[in-house]
Amino acid sequence: MVCLNLIWRSNLEVFSLTVTANLRLLGFAPNLLELVLPISFKIAYTKVSFMSRFYVTTPIYYVNDKPHLGHAYTTLAADVLARWHRQRGDDVFFLTGTDEHGAKVQQSAEAAGLTPQALADQNAQKFKDAWSALNISYDYFIRTSQAEHEVVVRELLQRVYDAGYIYSGEYEGLYCVGCEKFMPDGELVNGRCPLHPNQDPVAQKEKNYFFKLSAFRDKLLTKLEAGEYKVIPEGRYNEVVGKLKQGLEDISISRNSVEWGVRVPWDESQTIYVWIDALINYYSATQFVPGKKEFWPADVHLLAKDILWFHAVIWEALLLAAELPLPKVVASHGFFTIDGQKMSKSLGNVIDPLDLIKEFGLEATRYLLLSQVPFTIDGDISLARFRERYESDLANGLGNTFSRVTDMIEKFGNGNFTAQPGVITYTESTSSAVENALRLFEFDTALLAIFDIIRTIDGEIEKYKPWNMVKLDKSQEIQPLLNRWGTMLLDVSLYIKPFMPETAHNIEQGLRADKVLKTTPLFPRLSS
RNA sequence: CGCGGGGUGGAGAAGUGGCAUCUCGCCUGGCUCAUAACCAGGAGAUCGUGGGUUCAAAUCCCACCCCCGCAACCA
């Protein structure tokens with residue numbers, strides 16, 4: 001009965017009957033049931049961790065921004081991981097959302113004549129719309145202005161305060177009177193605020209609460225070096241460890257002048273610095289979303305490299321201070337450049353993910369983003385290259401191969417197709433390749449491995465030349481080949497499902513029909 | 001002397017001591033089931049530069065050049 005359960009949870013409808021019939025339990029391990037499927041579909045599920053949980057997060061995006069390609073990339077990567085884990089039967093919690101507090105939102109709202117909440121409502125919706133357009137399967141969309149979130153933030157901070165890790169101090173910095181805010185060094189141009197270049201920023205002090213980040217340096221280093229939590233990729237890990245070794249300073253975690261934020265529990269005159277409030281979302285969601293308490297600690301925090309320090313050091317220190325378990329993996333990816341240039345508003349080359357969908361379609365956009373840029377490094381996006389890849393991989397590759405196989409089944413097999421257990425051993429290696437790649441967040445490598453099956457099918461078709469077999473009166477020998485190729489395509493559909501769920505569905509539908517007929521192209525050529 | 005990552009055919013990547021690999025593009029030939037798709041073959045890299053270790057170096061060591069991050073309250 002365990003078997004049945006697993007199969008249903010694995011979404012393997014296509015094969016479920018065959019698989020259950022052949023299932024054989026090998027043995028038990030402490031938390032692990034190893035199943036062996038003695039058929040040769042050898043899907044990625046030969047080994048299934050029984051009832052394992054998978055909690056993946058994206059950063060919560062600042063509502064002062066519109067969704068752009070960077071946000072889309074992180075979220076898409078998380079979506080693929082979530083779908084992949086669901087497919088293998090894991091209990092998945094996929095969290096994304098918006099970060100809504102802080103001075104910038106307050107200022108933008110004033111400028112737009114809105115309340116901060118109204119502005120946040122508006123812009124949070126833009127992110128939801130974008131994720132809906134990208135077919136993102138998040139389980140919960142958290143917003144930091146939610147009362148439930150604020151409650152957890154206050155509780156957690158109070159705990160840190162009670163433990164003695166927060167003290168009152170003075171923050172001293174350069175204050176721009178025009179902006180009415182402190183200017184970080186990085187924002188100053190020639191020592192002056194870029195928005196108010198005619199006045200010198202003045203040194204000013206304000207009362208703040210500080211978090212004893214410095215107290216956690218050794219502990220963090222020990223835990224990192226022991227692998228108690230991981231920072232991926234290795235280069236970033238080195239960076240974090242290197243910086244930790246250089247020492248840590250305490251950080252200010254409250255603001256005196258920012259109204260739009262969570263009130264400090266023991267001092268209502270201050271609000272919690274937006275970053276601290278934001279980080280806690282990963283934990284707070286598990287506490288107030290029904291049935292998710294068991295999901296903490298998170299398995300993976302996905303994020304871009306610019307916010308790694310917050311996620312790999314400050315967040316863990318806060319958790320340690322509150323005596324909560326640490327996330328298991330913090331995985332950071334690179335930035336995009338567009339046609340070799342930095343993506344920036346001032347250059348006007350910011351790509352809206354929705355424009356990509358308009359040009360290439362949803363499924364192709366998902367494929368192109370994940371296949372053309374290795375996860376951990378900065379990658380260049382060029383529309384010209386995307387078009388090239390669309391044609392070669394999707395139109396000429398997957399799409400065309402699906403067309404030729406279904407067309408041959410229709411023409412040479414009278415529409416008859418039977419999925420073939422016991423024949424295909426080829427895709428066995430794909431399964432481990434995909435698994436290994438995804439465990440390392442190498443989405444591009446995983447896709448390459450999957451698309452290798454397409455090349456193999458094309459190669460075999462060329463080798464057997466069914467159109468000649470018909471002429472040579474060998475028609476009866478064709479059917480097994482058609483079954484084999486069709487089955488390989490079903491395998492492909494299984495593997496690409498986390499990446500391209502609709503395409504996977506279309507392939508399955510096409511091959512599960514009573515009479516398999518040639519269908520409309522999966523990926524029409526762009527020129528036509 | 002701040003710390004770290006990187007420089008491999010036209011493009012993007014793999015490769016940490018032993019015939020330089022993959023995808024795309026390009027050229028030639030073949031095929032016709034298919035979305036002018038597919039298959040085969042080919043051209044194309046002194047592996048950033050100079051030196052060193054070794055029977056053997058993209059890979060180890062030294063020096064240098066170049067690109068890119070981080071450098072901490074920059075969402």
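Below, read A as the first sequence line, B as the second, and so on, with proteins coming before strands; counting in each chain starts at 1.
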Could you tell me how far B:G15 sits from B:G52 if I compare only their C1' atoms? Round to whole Å.
24 Å
Any donor-acceptor N/O pair, A:Asp444 side chain to A:Gln372 backbone, under 3.5 Å
no
Expressed in angstrom and rounded to an integer, what is the separation of A:Lys463 atom NZ from B:A40 atom P?
12 Å
Contact class for A:Ile314 (heavy atom, under 4.0 Å): base, sugar-phosphate, or nothing?
nothing
Could you check whether A:Trp266 and A:Tyr209 have their ring centres less than 6.0 Å apart?
yes
Would you kindly give the CD-to-C1' distance between A:Glu460 and B:C33, to the nearest whole Å?
15 Å
Just N and O in the side chain of A:Arg525: are any of them under 4.0 Å from OP1 or OP2 of B:A37?
yes
Given B:A37, B:U35, B:G25, which nucleotide is nearest the side-chain atoms of A:Asn400?
B:A37
Of A:Leu394 and A:Ser252, the one whose closest RNA chain B nucleotide lies more 5':
A:Leu394
Consider the side chain of A:Arg385, meaning its heavy atoms from C-beta on, and name the nucleotide among B:A11, B:C24, B:G30 that approaches it most closely.
B:A11
Within this structure, what is the CG-to-C1' distance between A:Leu440 and B:A14, rounded to whole angstrom?
14 Å
Between B:U54 and B:G7, how far is it from one C1' atom to the other, in whole Å?
25 Å
Considering only atom P, compute the distance from B:G6 to B:U59 and round it to an integer number of Å.
14 Å
Base, sugar-phosphate alone, or nothing: which one does A:Phe412 contact when heavy atoms must sit under 4.0 Å apart?
sugar-phosphate
Consider the side chain of A:Lys518, meaning its heavy atoms from C-beta on, and name the nucleotide among B:C70, B:U35, B:C73 that approaches it most closely.
B:U35
Looking at A:Arg404 and B:U35, is any side-chain donor or acceptor paired with a base atom of the opposite kind under 3.5 Å?
no
Looking at A:Lys411, I'd like to know whether one of its side-chain N or O atoms comes within less than 4.0 Å of OP1 or OP2 on B:A34.
yes
I'd like to know if A:Glu410 pairs up with A:Lys518 as an ion pair, taking the criterion as any Lys NZ or Arg NE/NH1/NH2 lying under 4.0 Å from an Asp or Glu carboxylate oxygen.
no
Is the distance from OP1 or OP2 of B:C74 to the nearest side-chain N or O of A:Tyr273 less than 4.0 Å?
yes
Could you write out RNA chain B as dot-bracket? Rules: Watson-Crick or G-U wobble, both distances under 3.5 Å, brackets [ ] for crossings, | for pairs with another strand, dot for unpaired.
.(((((((.[[[[.)..(..]]]].(((((.......))))).....[[[[[..)....]]]]])))))).....
Taking the C1' atom of each, how far is B:C26 from B:G10, in whole Å?
8 Å
Round to the nearest Å and state the distance from A:Glu391 atom CD to B:U23 atom P.
19 Å
Would you call A:Glu460 and A:Lys463 a salt bridge, using N to O less than 4.0 angstrom?
no
Taking the same atom, P, in B:G4 and in B:A57, what whole-Å distance lies between them?
28 Å
Does the distance from a Lys or Arg side-chain N to an Asp or Glu carboxylate O, for A:Glu435 and A:Arg439, drop under 4.0 Å?
yes
Separation of A:Asp458 atom CG from B:A37 atom C1', in whole Å?
9 Å
For A:Pro466, report the nucleic acid contact type (base, sugar-phosphate, nothing); a contact means any heavy atom under 4.0 Å.
nothing
Side chain of A:Glu462: nearest nucleotide among B:C22, B:G30, B:C24?
B:G30
From B:G4, B:C31, B:U35, pick the nucleotide closest to the side chain of A:Trp467?
B:C31
Using a 4.0 Å heavy-atom cut-off, does A:Ser403 contact any base of the nucleic acid, only the sugar-phosphate backbone, or nothing at all?
base
Select one nucleotide: of B:A37, B:U35, B:C24, the one nearest the side-chain heavy atoms of A:Pro521.
B:U35
OP1 or OP2 of B:C73 versus the side-chain N and O atoms of A:Asn208: is any pair under 4.0 Å?
no
Classify the ring geometry of A:His71 against A:Phe127: parallel below 30°, tilted from 30° to 60°, perpendicular beyond 60°.
perpendicular
Lys/Arg N to Asp/Glu carboxylate O, A:Glu316 vs A:Lys219, below 4.0 Å:
no
Do A:Asp121 and A:Val63 touch side chain to side chain, with heavy atoms closer than 4.5 Å?
no
Provide the distance between the two C1' atoms, one in B:U8 and one in B:A45, to the nearest whole Å.
7 Å
C1' spacing across the pair B:U16 / B:C60, given as an integer number of angstrom
9 Å
Mind checking if A:Asn396 touches a base, just sugar-phosphate, or nothing, with heavy atoms under 4.0 Å?
sugar-phosphate
What is the distance, to the nearest angstrom, from the NZ atom on A:Lys104 to the C1' atom on B:C73?
13 Å
Picking from B:U35, B:G25, B:C39, which would you name as closest to the side chain of A:Glu388?
B:G25
Base, sugar-phosphate or nothing for A:Gly247? Non-hydrogen atoms, less than 4.0 Å.
base
In plain terms, say whether A:Asp452 and A:Arg455 are close enough for a salt bridge, that is, a side-chain N and a carboxylate O under 4.0 Å apart.
yes
In whole Å, what separates the P atom of B:G17 from that of B:A13?
23 Å
Would the distance check show the side chain of A:Tyr229 and the main-chain N or O of A:Ala312 forming a donor-acceptor pair, the cut-off being under 3.5 Å?
yes
